[in-house]
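We name chains A, B, ... by the order of the sequence lines, and we start the count at 1 in each one.
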2 protein chains.
Amino acid sequence: MLALHFDGSQARTIDLPLPQTTADTAVVRVSLAGVCNTDLELVKGYMGFRGILGHEFVGVVEDGPAQWCGRRVVSEINFACGRCESCNRGLERHCPARTVMGILGADGAFAEYVRVPVRNLHTVPDTLGDERAVFSEPLAAAFEILQQVTIDPGSECVVLGDGKLGLLVAQVLADAGARVLAVGHHPERLALLARRGVATVLAADWTPIPFPLVVEATGSATGFALAVAATRPRGTLVLKSTYADNPRVDLAPIVINEIQVLGSRCGPFSPAIDALAASRIDVEGLITDRVPLAQGPAALEAAASGASKILIEVA
Amino acid sequence: MLALHFDGSQARTIDLPLPQTTADTAVVRVSLAGVCNTDLELVKGYMGFRGILGHEFVGVVEDGPAQWCGRRVVSEINFACGRCESCNRGLERHCPARTVMGILGADGAFAEYVRVPVRNLHTVPDTLGDERAVFSEPLAAAFEILQQVTIDPGSECVVLGDGKLGLLVAQVLADAGARVLAVGHHPERLALLARRGVATVLAADWTPIPFPLVVEATGSATGFALAVAATRPRGTLVLKSTYADNPRVDLAPIVINEIQVLGSRCGPFSPAIDALAASRIDVEGLITDRVPLAQGPAALEAAASGASKILIEVA
């Protein structure tokens with residue numbers, strides 16, 4: 001099968017053997033996949049990953065338990081052991097023995113077929129097309145914030161960053177009833193949020209004022225410092241981004257203002273799928289281009305050149 | 001009056017005018033004061049402070065409202081405006097218009113007399129001697145953690161750092177019922193904790209394993225990194241220290257493990273005074289030396305040379 005493989009130095013679309021089902025797994029024929037910034041970090045060496053890239057996809061179960069075969073699905077990306085203390089506490093996404101699809105020790109979905117544990121699968125409703133369903137994974141990451149922070153109707157928050165994740169986070173918080181201010185560098189991306197009723201401002205025109213809730217989704221040291229400055233005393237700062245280099249960070253305001261900093265990673269699929277099916281989140285507006293799997297490296301290049309979401313067409 | 005004054009380049013004991021009471025303030029004759037690491041940072045330029053240093057003290061009210069005169073007192077150090085949104089929310093310690101005794105815009109207690117707002121005063125019980133009462137402020141900072149985190153009996157936590165604050169924090173958490181492991185570099189300081197039933201280990205002999213609650217009280221970038229490594233997924237990391245330079249920080253584990261980082265600063269005086277009066281916390285063991293106010297700079301030098309608590313004898 002065709003797959004976009006990273007060998008530690010180069011990402012290439014090559015021919016690889018089909019994955020085989022094992023106990024409790026299914027093989028899914030991938031229809032459409034999405035490029036995430038994490039993929040771009042991985043090909044720069046993040047996590048030391050080697051293998052087939054990709055962890056955002058939608059497809060149809062080709063092989064596995066009979067009740068799953070033929071179903072259109074998306075899949076959670078953390079493959080937990082199911083037996084450890086974390087798993088017993090319901091924290092499968094934090095299982096220390098986990099592999100992660102296309103990120104850590106497990107092949108990903110930029111391929112004609114991908115193998116995933118059955119318990120990671122979610123059925124896609126018929127009303128939800130592939131082009132929207134492929135956003136389940138990143139949208140779940142945005143919904144994770146609602147698991148960590150209570151959003152009261154009208155609660156004020158600011159989202160820093162108008163990248164793919166920032167645009168999803170701002171919409172999820174607004175959908176939950178918050179009054180959101182989105183700060184970014186790209187007028188055309190902020191316009192997408194403005195159409196959804198989110199207040200927006202260009203970073204160049206914005207001076208931080210204290211908010212009770214701030215979400216950092218820029219992934220830059222500058223964004224982190226702005227986010228700290230925009231969090232009011234005893235306020236909450238949610239970190240959705242990882243940072244490529246270890247940035248120099250002034251931790252003093254976190255201590256002095258007794259800020260709560262919450263790391264936030266993968267999230268629950270069900271509310272994301274529901275929101276996509278109900279068209280409560282604009283994801284089409286995030287799509288910059290669609291690239292065939294055979295031209296996989298070009299998809300990564302396009303994503304790295306500052307595009308918003310690049311989709312990889314597999315089937 | 002004699003006072004240890006910092007002019008922006010030098011800390012000297014000099015003669016200064018007596019403070020006068022104003023509306024809602026009292027003038028306290030200082031008996032005993034304590035040197036804090038923050039004082040050492042201030043004379044290195046932190047906060048750009050100019051004035052009389054010192055924010056840990058015990059004394060007797062000399063002038064002010066009649067019902068306070070003659071009382072032995074300690075004082076909270078944040079002088080709030082009492083009128084702003086933060087004050088109305090009960091967050092006087094975060095009042096944006098506040099001054100802070102000996103730290104920000106208000107003279108401190110390394111002096112024969114200090115002026116403080118009456119509402120900041122706490123009466124010292126007769127059973128609590130000056131040498132213990134002078135620890136009210138730093139112990140309150142340790143008690144702040146109990147305002148921020150729920151300590152269940154037997155809950156496991158690690159305290160990094162065996163400086164003055166680390167020793168107080170470890171005792172407060174143990175007193176609250178936690179099973180505490182204290183990690184430090186000084187066998188003689190850890191021994192103080194061991195005598196209180198706290199488990200201890202030398203940092204050189206310790207490899208971080210995941211704890212649900214970690215308190216960082218080293219103030220070093222190395223300590224911060226260790227603290228992050230010792231916080232289990234979805235665990236809590238309390239930052240009690242500020243950091244002199246902006247350290248390079250790897251934020252990725254905070255995001256990946258969805259760690260809650262809580263900045264923690266000043267705390268409530270009442271539980272601290274109660275714990276001191278009930279002898280539930282060993283503070284005498286922290287005292288390295290007592291230095292007369294006239295030799296104030298020597299007190300700072302002694303504190304900077306790695307001593308534990310240096311007390312300044314005023315009256």
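The shortest non-hydrogen separation linking A:Asn246 to B:Arg248 is O-NH1, 2.9 Å. Residues B:Ile256 and A:Arg98 share a closest heavy-atom pair of CG2-NH2, 3.7 Å. The shortest heavy-atom contact between B:Ser241 and A:Val255 is O-CG2, 3.2 Å. In terms of heavy atoms, A:Arg265 sits closest to B:Glu258 at N-OE2, 2.8 Å.
Of the listed residues B:Gln260, B:Gln148, B:Arg93, the one with more heavy-atom pairs under 4.5 angstrom with chain A than any other is B:Gln260. Between chain A and the residues B:Cys266, B:Pro247, B:Pro210, the most heavy-atom pairs under 4.5 angstrom are made by B:Pro247. Of the listed residues B:Leu262, B:Asn257, B:Leu237, B:Asp250, the one with more heavy-atom pairs under 4.5 angstrom with chain A than any other is B:Asp250. No other option in A:Ile254, A:Leu251, A:Thr236 has as many heavy-atom pairs under 4.5 Å with chain B as A:Leu251. For the set B:Pro233, B:Pro253, B:Ser86, the entry with the most heavy-atom pairs within less than 4.5 Å of chain A is B:Pro233.
Of the atoms belonging to A:Glu85, it is side-chain heavy atoms, and not backbone ones, that fall under 4.5 Å from chain B. For B:Leu91, the part sitting under 4.5 Å from any heavy atom of chain A is the side chain, from C-beta outward, and nothing else.
The number of heavy atoms from other shown groups lying within 6.0 Å of CZ (A:Arg179) does not exceed 12.
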